[in-house]
Amino acid sequence: MHPDREASWTPPADAAQQPRQVRRILRLFRPYRGRLAVVGLLVGASSLVSVATPFLLKETLDVALPEGRTGLLSLLALGMILSAVLTSVFGVLQTLISTTVGQRVMHDLRTAVYGRLQRMSLAFFTRTRTGEVQSRIANDIGGMQATVTSTATSLVSNFTSVVATVIAMVVLDWRLTVVSLLLLPVFVWISRRVGRERKKITTERQQQMAAMAATVTESLSVSGILLGRTMGRSGSLTRSFSEESEGLVELEVRSNMAGRWRMAVITIVMAAMPAVIYWTAGIALQVGGQDVSIGTIVAFVSLQQGLFRPTVSLLSTGVQVQTSLALFQRIFEYLDLPIDITEREDPVHLDQIKGEVRFENVVFHYDGNVVGATTDGVADGGGGEGRTGDRAVEAGPVLDGIDVSVPAGSSLAVVGPTGAGKSTLGYLVPRLYDVTGGRVTLDGVDVRDLDFDTLARAVGVVSQETYLFHASVADNLRFAKPDATDEALYAAARAAQIHDHIASLPDGYDTVVGERGHRFSGGEKQRLAIARTILRDPPVLILDEATSALDTRTEAAVQQAIDALSANRTTLTIAHRLSTVRGADQIVVLDSGRVVERGTHEELLEGGGRYAALVRRDARLEPTR
């Protein structure tokens, strides 16, 4: 858990970008323009029908009732009823189509953000809190739901209603129309100010929600609870969460109250307009102005009242749009994240993979902006490599001039002190990182030229930190091969020395492993991970500190599973303990990103250099395990 806030990549916001941002939002609706056209037709028809009612009312008061024309009265009454029915039907259809379109846009956004994040390099996730990522998908996109599903339709509907109503008002009496619309520019100005204010507060609120989500994700995970309890920090964590929640309360209140009094003034003025209309008409009659019939006044007030709802709604929608721009901006930030590792336009696809791996004059250094990694990379395994805290990476190369060849079916062990660059070297093969200089090849092809499917089939990774989903054992194994049969699962589990244990559980392979697999011991989780990799059957295997966190007895059991997994595969073993690499076909010793020794176990011992010193270190530590 991090006491400070890590900011993810955020480009500077500028008011000049708003038109471009609005155009980009509108493009989200482009695939659904056909449905939106239907909504537009329904909105137009609904507006025309609703405007007809006041004219029917005028005829009723000025003609049908005074002249006692019962037939006309019946037709006018029927017309008013039909108008109400059509308006309601059009409204239901309009809501159905617009909500469907809005939800599809929400789906497109969620999928686009998730897909973008799936393509991000490992470095992005080392400098971004998991809760922040989850908050963007859940809170930010969720917060746009009302805007996306109803705002576009509301804008069109209300704008059409306002235009149609104003035209009808002018037809009835232009003088009363001028009085009615006199204050409208002031109302628009007020609503725009309120919108800008709420947009600013919304940005702060979403940042606070993201921070709180990150705290929850970290402190209420199984590992977070264990750490908090054992360190006696449960109380302080609760207080910290309470402070963050308190800050969110203040922001929510400010967000809801921003501009409320100003909008209330608009509502009061609009509600008082009928009285102004009656007063204006009365004054005009007394001073000898043009005669205005009772029907005209009532019809005009009816139109004016009809104008009140869409006008206020239109102003409120404008405020809502301004607020939503802050949410869209946060989503677009993720959609605009640069992708470091991409597939070339015409990638190479290998049907048959032998498994020969070569490192040719490989140079690698981290971007200076990457936080959360040491010089050996975030992924480095046991012994604390890569997990010494959030600090910027040194400017020098992590790997420099690495030339190593691993023939197909052979084994290479990479050893060295903490921070030597061991795991980084291994993670260049599946392209979790890309080389800065030189190249890494698989069967003679630069891995950067291979398609992602070939790489995924070719390279399997088993690390010290086994990740298991909160699902059944069978589901976790089938993550590697969704169409695997039960017999294939059992065979993989037997090879990994874990089948008997699974079979002894009450629910067998249907046993839910729990959050991050905490229902299983470290050795059992490792063997499940190995079984998962056996099921995938990759020709190249990266073992990243796969046994360094285990005790000697458990390590021996897991090593048997690893031996079964490594058979007939090209194996690159990253080792902190040397007990697992003695039988490797070749061993290279890294120090400060360079190969300082290479050879077999016996050759390196005879040389009496760095490797021999590491073996003596392990021998001294052996009794304490």
Side-chain angles (χ1 to χ4, degrees), residues 22-57 77-111 141-171 184 187-188 191 195 263 266-267 270-271 299 302-325 327-328 331:
V22 171
R23 288 194 297 270
R24 188 172 181 180
I25 293 170
L26 293 177
R27 283 198 298 270
L28 297 173
F29 293 87
R30 187 176 295 169
Y32 310 101
R33 52 184 176 269
R35 299 184 194 182
L36 291 175
V38 174
V39 172
L41 291 175
L42 290 172
V43 167
S46 178
S47 298
L48 291 176
V49 171
S50 62
V51 166
T53 301
F55 286 94
L56 296 175
L57 179 61
L78 184 61
M80 292 181 195
I81 295 172
L82 183 61
S83 174
V85 171
L86 289 176
T87 302
S88 298
V89 171
F90 290 157
V92 171
L93 293 175
Q94 167 189 318
T95 302
L96 172 62
I97 299 174
S98 61
T99 301
T100 302
V101 170
Q103 288 300 324
R104 296 306 304 175
V105 171
M106 293 276 290
H107 163 74
D108 294 343
L109 274 175
R110 282 193 297 263
T111 304
I141 296 181
M144 294 187 303
Q145 178 162 329
T147 303
V148 171
T149 55
S150 63
T151 296
T153 306
S154 178
L155 279 171
V156 175
S157 176
N158 290 321
F159 180 75
T160 305
S161 296
V162 168
V163 172
T165 302
V166 170
I167 292 173
M169 290 168 66
V170 171
V171 170
L184 191 58
F187 297 161
V188 172
S191 66
M263 296 302 287
I266 294 177
T267 303
M270 294 291 284
S302 178
L303 283 171
Q304 201 276 330
Q305 286 293 87
L307 180 66
F308 168 71
R309 181 194 59 79
T311 302
V312 172
S313 181
L314 203 57
L315 295 174
S316 299
T317 301
V319 172
Q320 191 176 10
V321 168
Q322 284 283 93
T323 303
S324 298
L325 287 177
L327 300 178
F328 275 109
I331 295 303

Exercise. Sequence neighbours excluded, which residues qualify as side chain to side chain contact (heavy atoms under 4.5 Å, CB included) partners of Leu82?
Worked result: Leu86

For this session: Go through the structure and list residues passing salt bridge (Lys or Arg N to Asp or Glu O under 4.0 Å) with Arg24, not counting sequence neighbours.
Result: Asp336

For this session: For Leu93, enumerate each residue passing the side chain to side chain contact (heavy atoms under 4.5 Å, CB included) test, keeping only those at least two apart in sequence or located in another chain.
Result: Leu42, Val89

Exercise. In Å and rounded to the nearest 0.5 Å, what is the CD to CG distance from Gln103 to Asp108?
Worked result: 11.0 Å

Exercise. Under the side chain to side chain contact (heavy atoms under 4.5 Å, CB included) test, which residues partner Leu56, sequence neighbours left out?
Worked result: Leu76, Met80

Problem set entry | Reported CG-to-CZ distance for the pair Leu36 and Arg30, which is rounded to 0.5 angstrom | 12.5 Å

Exercise. Sub-3.5 Å donor-acceptor pair from the side chain of Ser98 to the main-chain atoms of Thr95, do we have one?
Worked result: yes

Problem set entry | Any residue meeting side-chain hydrogen bond (donor to acceptor under 3.5 Å, both in side chains) with Thr87, in chain and number order, not counting sequence neighbours | none

Exercise. Partners of Arg35 by side chain to side chain contact (heavy atoms under 4.5 Å, CB included), sequence neighbours excluded?
Worked result: Ile97, Thr100, Val101, Arg104

Exercise. Quick one: does Ser88's side chain have a donor or acceptor within less than 3.5 Å of a partner on Ala84's backbone?
Worked result: yes

